[in-house]
Amino acid sequence: MSLVLGIETSCDETGAGLVRDGVLLGEGLASSADEHARFGGVVPEVAARAHVSAVTPMVRAALDAAGASLSDVDAVAVTAGPGLSPALHVGVAAAKAYAAALDVPLYGVHHLAGHAAVDVLEHGPLPARCVCLIVSGGHTSLLALGDLARDPVEHLGDTVDDAAGEAFDKVARLLGLPYPGGPSVSRAALEGDPAAVAFPRPMTGPRDAPFGFSFSGLKTAVARHVEATQDAGRAVAVADVAASFQMAVVDVLVRKALRACAERGADTLLMVGGVAANRVLRAEMERACAGAGITLRVPAPRLCTDNGAMIAALGDLLVRDGAVPAGLAGTAVPTVPLTGATIPFPPATGEAAEFPLPTRPGAAAGSIIAP
């Protein structure tokens with residue numbers, strides 16, 4: 001069986017992983033989150049410089065953990081998109097260098113498909129059909145999945161504005177909590193009452209898209225509550241606001257995911273992405289799925305956030321399926337919809353890549369959703 005090296009540099013984590021036949025043999029992970037904290041968010045150029053420094057040591061760490069050498073690597077997979085352009089280019093350049101030096105196939109893969117693939121490392125092959133909830137800093141989507149390596153991905157619904165993770169970051173700033181916002185809000189919520197503030201459950205009305213998401217209005221509702229409390233001369237109950245906001249997000253995600261399973265006749269729900277590490281979301285989704293007779297598959301929290309293991313896992317599936325490699329020509333694709341596991345590298349000659357760019361409903365022509 002082939003040993004696949006996976007490289008992930010789409011945002012602020014530099015990840016490398018080694019997978020053979022569905023088994024994670026070694027990994028290395030570095031984060032530049034502390035360098036971005038003073039900016040309240042990820043700065044692409046800062047992230048890219050951190051990737052340049054970390055990518056080789058993380059590959060070496062993965063090899064050491066696996067007891068392997070570079071000469072043992074049979075294929076390389078790399079996140080080709082979506083993500084921050086400067087960050088992606090570091091990973092793609094490194095992956096090309098390894099593939100060329102080792103004379104092995106190179107696969108450009110979709111970051112979100114990697115999130116789905118990582119669960120295979122813990123729970124074995126996915127069922128023939130399942131519903132997948134991807135919930136992360138930049139993406140919130142409900143998908144119908146078949147064979148990850150060969151079948152197209154069907155979008156049941158996506159976010160029309162802020163993703164769940166993005167809303168957590170913005171609410172953290174409103175409450176004076178540190179970056180990254182997801183863990184900060186979750187920690188604050190531990191001491192709060194989730195029923196203290198009646199925040200709205202967006203996109204759950206009878207006329208709303210059944211599987212669509214929108215968290216911008218919820219973030220605005222938090223902002224208005226904080227402003228009204230301060231204008232009245234009262235202290236903001238940070239824990240209660242955090243807990244109430246968190247439960248509003250969780251409630252929406254659980255409702256829509258279970259509805260998708262019911263309407264699709266799916267008996268398995270796969271939940272992945274950074275926000276899937278949230279303890280309240282995991283507990284509430286597990287409770288709801290158990291009551292509905294649905295099998296819930298969620299990776300361990302450390303595998304929910306960006307990492308190299310997920311890219312190696314997806315590369316391993318592609319290699320075993322006999323997928324055609326991408327080759328060494330081309331470049332990364334910072335904004336690209338999820339339609340399948342692979343991203344054929346577009347030309348690196350200055351020609352425009354022929355990829356349909358997703359637009360928000362009602363947006364002007366040519367405007368795109370940032371990854």
Side-chain angles (χ1 to χ4, degrees), residues 22 109-136 138-160 163-165 201-215 249-301 303-304 310 313-314 316-318 320-321 337-342 358:
V109 303
H110 199 289
H111 175 78
L112 298 182
H115 274 302
V118 77
D119 188 68
V120 172
L121 300 178
E122 285 196 306
H123 302 122
L126 291 171
R129 300 294 298 176
C130 71
V131 168
C132 176
L133 172 65
I134 293 182
V135 54
S136 67
H139 304 271
T140 304
S141 299
L142 272 168
L143 313 169
L145 297 182
D147 187 314
L148 266 178
R150 63 177 67 178
D151 292 341
V153 173
E154 180 185 358
H155 286 248
L156 304 178
D158 300 281
T159 187
V160 297
R201 271 51 173 170
M203 295 282 283
T204 57
R207 297 184 179 180
D208 291 322
F211 307 128
F213 298 95
S214 169
F215 294 105
V249 174
V250 167
D251 192 21
V252 170
L253 294 173
V254 171
R255 283 195 213 179
K256 288 180 177 279
L258 262 65
R259 180 173 177 178
C261 289
E263 293 195 11
R264 282 305 178 108
D267 60 5
T268 300
L269 173 66
L270 173 64
M271 185 170 70
V272 297
V275 181
N278 181 284
R279 285 180 290 180
V280 173
L281 174 58
R282 294 169 77 97
E284 290 298 312
M285 193 69 81
E286 184 175 358
R287 178 191 58 78
C289 284
I294 295 170
T295 299
L296 176 64
R297 293 177 52 144
V298 191
L303 294 177
C304 288
M310 71 187 206
L314 184 55
D316 175 62
L317 292 177
L318 292 167
R320 286 190 277 155
D321 191 63
L338 174 61
T339 58
T342 60

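Computed from heavy atoms alone, side chains included, the values below leave out hydrogens, waters and symmetry copies.
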Rounded to the nearest 0.5 Å, what separation is found between the [atom1] atom of [X] and the [atom2] atom of [Y]?
{"X": "Cys132", "Y": "Leu148", "atom1": "SG", "atom2": "CG", "answer": "8.0 Å"}
{"X": "Phe213", "Y": "Ser141", "atom1": "CZ", "atom2": "OG", "answer": "7.5 Å"}
{"X": "Ile134", "Y": "Leu112", "atom1": "CD1", "atom2": "CG", "answer": "4.5 Å"}
{"X": "Thr295", "Y": "His123", "atom1": "OG1", "atom2": "NE2", "answer": "11.0 Å"}
{"X": "Leu133", "Y": "Leu281", "atom1": "CG", "atom2": "CG", "answer": "7.0 Å"}
{"X": "Arg150", "Y": "Leu317", "atom1": "CZ", "atom2": "CG", "answer": "11.0 Å"}

Please name all residues satisfying side-chain contact (heavy atoms from CB on, under 4.5 Å) with Arg282, sequence neighbours left out, ordered by chain then number.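 Counting only residues at least two positions away or on another chain, Arg282 forms a side-chain contact (heavy atoms from CB on, under 4.5 Å) with Met271, Val298, Pro301, Cys304.
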Residues which pass side-chain contact (heavy atoms from CB on, under 4.5 Å) with Asp208, listed by chain and number, not counting sequence neighbours: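 For Asp208, the residues satisfying side-chain contact (heavy atoms from CB on, under 4.5 Å) (neighbours in sequence not counted) are Met203.
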I want to check something: taking the side chain as every heavy atom from C-beta on, are [X] and [Y] in contact at a cut-off of under 4.5 Å?
{"X": "Asp119", "Y": "Pro299", "answer": "yes"}
{"X": "Thr140", "Y": "Leu253", "answer": "yes"}
{"X": "Met310", "Y": "Leu314", "answer": "no"}

Give the minimum heavy-atom separation between [X] and [Y], together with the two atoms involved.
{"X": "Ile294", "Y": "Leu269", "value": "CG2-N, 3.8 Å"}
{"X": "Arg297", "Y": "Pro127", "value": "NH1-CD, 4.1 Å"}
{"X": "Cys289", "Y": "Leu258", "value": "SG-CD1, 3.9 Å"}
{"X": "Leu143", "Y": "His155", "value": "CD2-ND1, 3.6 Å"}
{"X": "Ala164", "Y": "Phe215", "value": "N-CD1, 3.7 Å"}
{"X": "Leu270", "Y": "Leu145", "value": "CD2-CD1, 4.2 Å"}

Cys261 and its side chain to side chain contact (heavy atoms under 4.5 Å, CB included) partner, picked from Val131, Leu142, Leu296: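 By the side chain to side chain contact (heavy atoms under 4.5 Å, CB included) criterion, Cys261 pairs with just one of Val131, Leu142, Leu296: Val131.
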Between the side chain of Glu284 and the main-chain N/O of Val254, is any donor-acceptor distance below 3.5 Å?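 No, the answer is negative, given that no donor and acceptor are paired below the 3.5 Å cut-off.
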Parallel, tilted or perpendicular: ring planes of His115 versus His111, cut at 30 and 60 degrees: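 It falls in the perpendicular class, over 60°.
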Does CZ in Arg279 sit with more than 12 non-hydrogen atoms of other residues, nucleotides or ligands closer than 6.0 Å?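 Atom CZ in Arg279 is not crowded, with 12 or fewer foreign heavy atoms closer than 6.0 Å.
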Tell me, please, which residues at least two apart from Arg264 pass side-chain hydrogen bond (donor to acceptor under 3.5 Å, both in side chains).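 Testing Arg264 for side-chain hydrogen bond (donor to acceptor under 3.5 Å, both in side chains), a comparison that skips the adjacent residues, returns Glu154.
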